[in-house]
Asks: 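I'd like to ask some things about the structure below.
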Amino acid sequence: MKIMLSSWFSLLLLFQLSVVLTSCNSSYEDPPNIIIIFTDDQGYADVGKYGAKGFQTPNLDLMAEEGIRFTDFHVSQAVCSASRASLLTGCYSERVSIQGALHSRSRIGLNPDEETIADVLKKKGYATGIFGKWHLGHHEKFLPLQQGFDEFFGLPYSNDMWPVGFDGKPLDGNGTRKSYYPQLALIEGNEKIEEVRTLEDQSRLTTRYTERAVSFINKNKDKPFFLYLPHSMPHVPLAVSDKFKGESEQGLYGDVIMEIDWSVGQILKALKHNKLDENTLVIFASDNGPWLNFGNHAGSAFPLREGKGTMWEGGARVPCIMRWIGKIHPGTVTDKLAATIDILPTVAKITSAPMPKNKIDGIDIQSILYGSDETTPRNEFYYYYGAELIAVRSGQWKLCFPHTYRSYKGMEPGQDGFPGKYGRDTTELALYDLQNDISETTNVINHHPEIINILKALGEKARSELGDRLTESQGSEVRPPGRLTPARTLQVAHKAIGKKVSLATTFHRKYTGGGTHALTNGIKGSEDYTDGNWQGFEGNDFEATVDLGSPIKLKEIKASFLQDQVAWIFYPVSIDILTSNSGDEYNIIKKFNNQTKQSLEQEIKVFATTLPDEKIRFIKIKAKSQGECPSWHPGDGGPAWIFIDEIVVQ
């Protein structure tokens, strides 16, 4: 009898072990469907289970009850395009060279050579569709159908990139704010099918995206599919359908979130109707934290610090819920570190799809989904913003490097769709214990020297691979973005190449042109100010002195400046070319005055002068900045930039 019981017990253990192993196995008899729902600017506290106030999210709460809720889930950058590039490629956005928020004048996009989640799953025979905001390049070569998707219906970029004021009124013609933007296109496949011109048009977007997503599920119920539903909302301008207008206590923002929650419910109903519940992994997350200067039209990151546009936790940490009936234990809450870059490798492992050929940064987090307490897949994380290494993370510890950042603290937010102003703040080297101080209020830099050394070494590893503008580090593993036209590197031979350059004001750390001697390196820039060959000066006059080493006979001096007013780059209002033999007293050889006129063109102007037949050693170029963007410009009152690429001496 004891032998029989012992055998029975052994069989039971083997059976239980086989169940566990099967649940963690990456191969499934029926390839699971994958759905990613990605909202825009939804804060950490803007879901019921995360503490939402003034509105309800019953469908998202149900997802959490039936799945797993993450409390330490991050995006790679707290801004639109960079965040989406990371989600779809499994890479830090620095690795794939997508920064900030691309716009209607951008000449770059996600490189089609990168492999997205859609690319990976298509190799396994998946149908792939995106219904919503793309924002990884609006030119055809960058659109979703060229990035692994079979279907696309949605906007090419953010819903505020349109010629409409904050009051919802159209801005026609020149001389008005935001009038630079073309009409906002609604795209089907690769073609514009409509224009989104009014808030009424925008109020239908959430419903239209949802209807297309449900149709996609119904159409592909008998084959594996990947559905990507990146909502345009709750990015401003807010708009909601009549179904939810006035439904929340909070106001319009709450109404919008409730409609997004309704959309989630429609997706879950479609899965249930088609008996796909147990064979579909549904992922919900936001692209970054809330845009707090929009006040009552923004969400909440409570109890986190700051919001969108910063890499404090309020910008980078977002709500995330995953649901997979029968695979993920219902009602799980995890505080393990994870990120959007981990979704691609996790999905690839689950579906047995091949990993991208290029190196990625994400890791497989299946063990978190299946409730393993023994493993912690991700222990480290890099916080980048605009190619600057802001902080690094190891376990509970976050080390912030000295930097200047956008701040909402102490600033009066806007109301009813109008923005308030940003503040600017700085931080020194700071260490935070996120396990005990999630709000990042207490710098414990003086108490943990051994932790600081570990994190500093982690920072150096990040810089060596991905670079860091704060320390002028060049990353060895950075891949190029996709470009509308090949990056033009025009080399020009002249007498000043390699000569010493002294600057009266320092170029901006984001636009170095390659460093101190970029103005005499023999390389000229293209019309694309991001091509790496331009030096940018924010709001300041420009003055550079070139020392030729000894007096030589010269015929001509030229200086090239860029104008791209959409990017806040203006020609100088005046340019002086001066020369000297002693370096003490200078003579003005040529003076140019330039009247600023409104222009939508990206253009380069060369300011040149011929010289008398005499020897010259020192050359000085002085350019007076516009200072601030003029009143007719969308950046009214903001700093106007000067961009210069090369001082050519013949």
Asks: How far apart are the closest heavy atoms of Ser286 and Phe38, and which atoms are they?
Replies: O-CE1, 3.5 Å
Asks: Under 3.5 Å, is there a donor-acceptor pair between the Asp531 and Ser526 side chains?
Replies: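 Present: a donor and an acceptor within the cut-off.
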Asks: Please lay out, stage by stage, how Tyr253 and His297 fare under the test ring-ring contact (aromatic ring centres under 6.0 Å, His included).
Replies: CA-CA 5 Å; Tyr253 184 87; His297 279 205; 8.3 Å; no
Asks: Where do Pro144 and Ile130 come nearest, in terms of heavy atoms and distance?
Replies: CB-CG2, 3.6 Å
Asks: Dump the intermediate steps for ring-ring contact (aromatic ring centres under 6.0 Å, His included) on Phe643 and Phe561, then the final yes or no.
Replies: CA-CA 6 Å; Phe643 270 61; Phe561 292 86; over 10 Å; no
Asks: Strictly by modelled atom types, are Thr57 and Lys49 linked by a side-chain donor-acceptor pair under 3.5 Å?
Replies: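 Note: Thr57 and Lys49 side chains miss the donor-acceptor criterion.
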Asks: What I'd like to find out is whether the side chain of Glu140 reaches to under 4.5 Å of the side chain of Gln146, using heavy atoms alone.
Replies: yes
Asks: Is it true that, when you exclude Lys605 itself, more than 12 heavy atoms of the residues, nucleotides or ligands shown sit nearer than 6.0 Å to its NZ?
Replies: yes
Asks: Is any side-chain heavy atom of Ile267 less than 4.5 Å from a side-chain heavy atom of Ile35?
Replies: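 A side-chain contact exists here, since the closest heavy-atom pair is under 4.5 Å.
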Asks: Return the minimal non-hydrogen interatomic distance between Phe70 and Ala338, and the atom names on each side.
Replies: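 Looking at all heavy atoms of both residues, the shortest contact is CE2-CB, 4.0 Å.
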Asks: Describe, in one word, how the ring planes of Tyr228 and Phe149 are oriented to each other, choosing from parallel (under 30°), tilted (30 to 60°) and perpendicular (over 60°).
Replies: parallel
Asks: Report the C-alpha separation of Glu194 and Arg208 in whole Å, then their side-chain angles, then the decisive distance to 0.1 Å, and conclude whether the salt bridge (Lys or Arg N to Asp or Glu O under 4.0 Å) test is met.
Replies: CA-CA 13 Å; Glu194 296 178 26; Arg208 296 182 74 178; 2.8 Å; yes
Asks: I'd like to know if the side chain of Gln147 pairs up with that of Glu115 as donor and acceptor (distance under 3.5 Å, no hydrogens or angles considered).
Replies: no
Asks: Side chains of Thr596 and Gln626: do they bring a donor and an acceptor to under 3.5 Å?
Replies: yes
Asks: Should we count CZ of Phe418 as having more than 12 external heavy atoms under 6.0 Å?
Replies: yes
Asks: Less than 4.5 Å apart, side chain to side chain, heavy atoms only: is that true for Leu292 and Pro413?
Replies: no
Asks: List the residues meeting salt bridge (Lys or Arg N to Asp or Glu O under 4.0 Å) with Asp160, not counting sequence neighbours, and say none if there are none.
Replies: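 Result, salt bridge (Lys or Arg N to Asp or Glu O under 4.0 Å) vs Asp160: none returned.
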Asks: Can you check salt bridge (Lys or Arg N to Asp or Glu O under 4.0 Å) on Asp528 and Arg107, steps first, answer last?
Replies: CA-CA 7 Å; Asp528 180 1; Arg107 300 174 64 84; 5.6 Å; no
Asks: Does NZ belonging to Lys122 count more than 12 external heavy atoms closer than 6.0 Å?
Replies: yes
Asks: Would you name the heavy atoms of Gly54 and Ser248 that are closest together and state the gap between them?
Replies: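 Taking Gly54 first and Ser248 second, the nearest heavy atoms are O-CB, 3.4 Å.
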Asks: Can you find a heavy atom in the side chain of Tyr157 that is under 4.5 Å from one in the side chain of Leu102?
Replies: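 Not in contact.
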Asks: Between Trp641 and Tyr511, how do the two ring planes meet: parallel, tilted or perpendicular, split at 30° and 60°?
Replies: perpendicular
Asks: Measuring only between side-chain heavy atoms, which start at C-beta, is Trp134 closer than 4.5 Å to Leu143?
Replies: yes
Asks: Within a 6.0 Å radius of atom NZ on Lys53, are there more than 12 heavy atoms belonging to other residues, nucleotides or ligands?
Replies: no
Asks: Tell me whether Arg204 is salt-bridged to Asp242, with the criterion being a basic N under 4.0 Å from an acidic carboxylate O.
Replies: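 No.
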Asks: Between the side chains of Glu259 and Ser241, does any donor sit under 3.5 Å from an acceptor?
Replies: yes
Asks: Mind checking whether Tyr209 and Phe153 have parallel, tilted or perpendicular rings, split at 30° and 60°?
Replies: perpendicular
Asks: Is there a donor-acceptor contact under 3.5 Å linking the side chains of Asp261 and Asn59?
Replies: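 Side chains of Asp261 and Asn59: pair found under 3.5 Å.
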Asks: Under a 3.5 Å cutoff, is there a donor and acceptor pairing between the side chains of Asp287 and Gln42?
Replies: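 Judged by distance alone, the side chains do not pair up.
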Asks: Does the plane of the ring in His403 sit parallel, tilted or perpendicular to the ring in Tyr405? Use 30° and 60° as the thresholds.
Replies: tilted
Asks: Can you name the residues that form a side chain to side chain donor-acceptor pair (under 3.5 Å) with Gln202, not counting sequence neighbours?
Replies: Asn159
Asks: Can you tell me if NZ on Lys123 sees more than 12 non-hydrogen neighbours from other groups inside 6.0 Å?
Replies: yes
Asks: Salt bridge or not between Glu151 and Lys219? Use side-chain N to carboxylate O under 4.0 Å.
Replies: yes
Asks: When you measure from the centre of the six-membered ring of Phe131, is the NZ or CZ of Arg212 under 6.0 Å away and within 45° of the axis?
Replies: no
Asks: Can Ser203 and Lys245 be said to form a side chain to side chain donor-acceptor pair (under 3.5 Å), step by step?
Replies: CA-CA 10 Å; Ser203 74; Lys245 191 174 294 183; over 6 Å; no
Asks: Under a 3.5 Å cutoff, is there a donor and acceptor pairing between the side chains of Asp119 and Thr116?
Replies: yes
Asks: Are any of the side-chain heavy atoms of Leu238 and Phe294 separated by less than 4.5 Å?
Replies: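 No - every pair of side-chain heavy atoms lies 4.5 Å or more apart.
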Asks: Would you kindly say whether Thr530 and Gln99 are connected by a side-chain donor-acceptor distance under 3.5 Å?
Replies: no
Asks: Do NZ/NE/NH1/NH2 and the carboxylate oxygens of Arg479 and Glu114 come within less than 4.0 Å?
Replies: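 Here Arg479 pairs with Glu114 in a salt bridge, since their nearest N and O are under 4.0 Å apart.
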Asks: Can you confirm whether Lys141 is buried at NZ, in the sense that more than 12 heavy atoms of other residues, nucleotides or ligands lie under 6.0 Å from that atom?
Replies: yes
Asks: Applying ring-ring contact (aromatic ring centres under 6.0 Å, His included), name anything that partners His74, two or more places apart in sequence or on another chain.
Replies: Phe381, Tyr383
Asks: Looking only at non-hydrogen atoms, find the nearest pair between Pro163 and Gln183 and report the distance.
Replies: CG-NE2, 3.5 Å
Asks: Identify which one of Leu281, Thr280, Asn220 satisfies the side-chain contact (heavy atoms from CB on, under 4.5 Å) criterion when paired with Asn33.
Replies: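 Only match with Asn33 under side-chain contact (heavy atoms from CB on, under 4.5 Å): Thr280.
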Asks: So Phe244 and Trp262, would you call those rings parallel, tilted or perpendicular, with 30° and 60° as cut-offs?
Replies: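 Taking Trp262 first and then Phe244, their aromatic rings sit tilted (interplane angle of 30° to 60°).
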Asks: Can you check whether Leu205 reaches Leu155 side chain to side chain, under 4.5 Å on heavy atoms?
Replies: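 Answer yes - side chains close enough.
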Asks: Do you know the tightest heavy-atom contact between Ala387 and Glu94?
Replies: N-OE2, 3.5 Å
Asks: Measuring only between side-chain heavy atoms, which start at C-beta, is Leu344 closer than 4.5 Å to Pro356?
Replies: yes
Asks: Is there a donor in the side chain of Gln266 and an acceptor in the side chain of Thr210, or the other way round, less than 3.5 Å apart?
Replies: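 There is no such pair between these side chains.
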Asks: I'd like to know if the side chain of Tyr92 and the backbone of Tyr382 have a donor-acceptor N/O pair within less than 3.5 Å.
Replies: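 Answer holds: yes.
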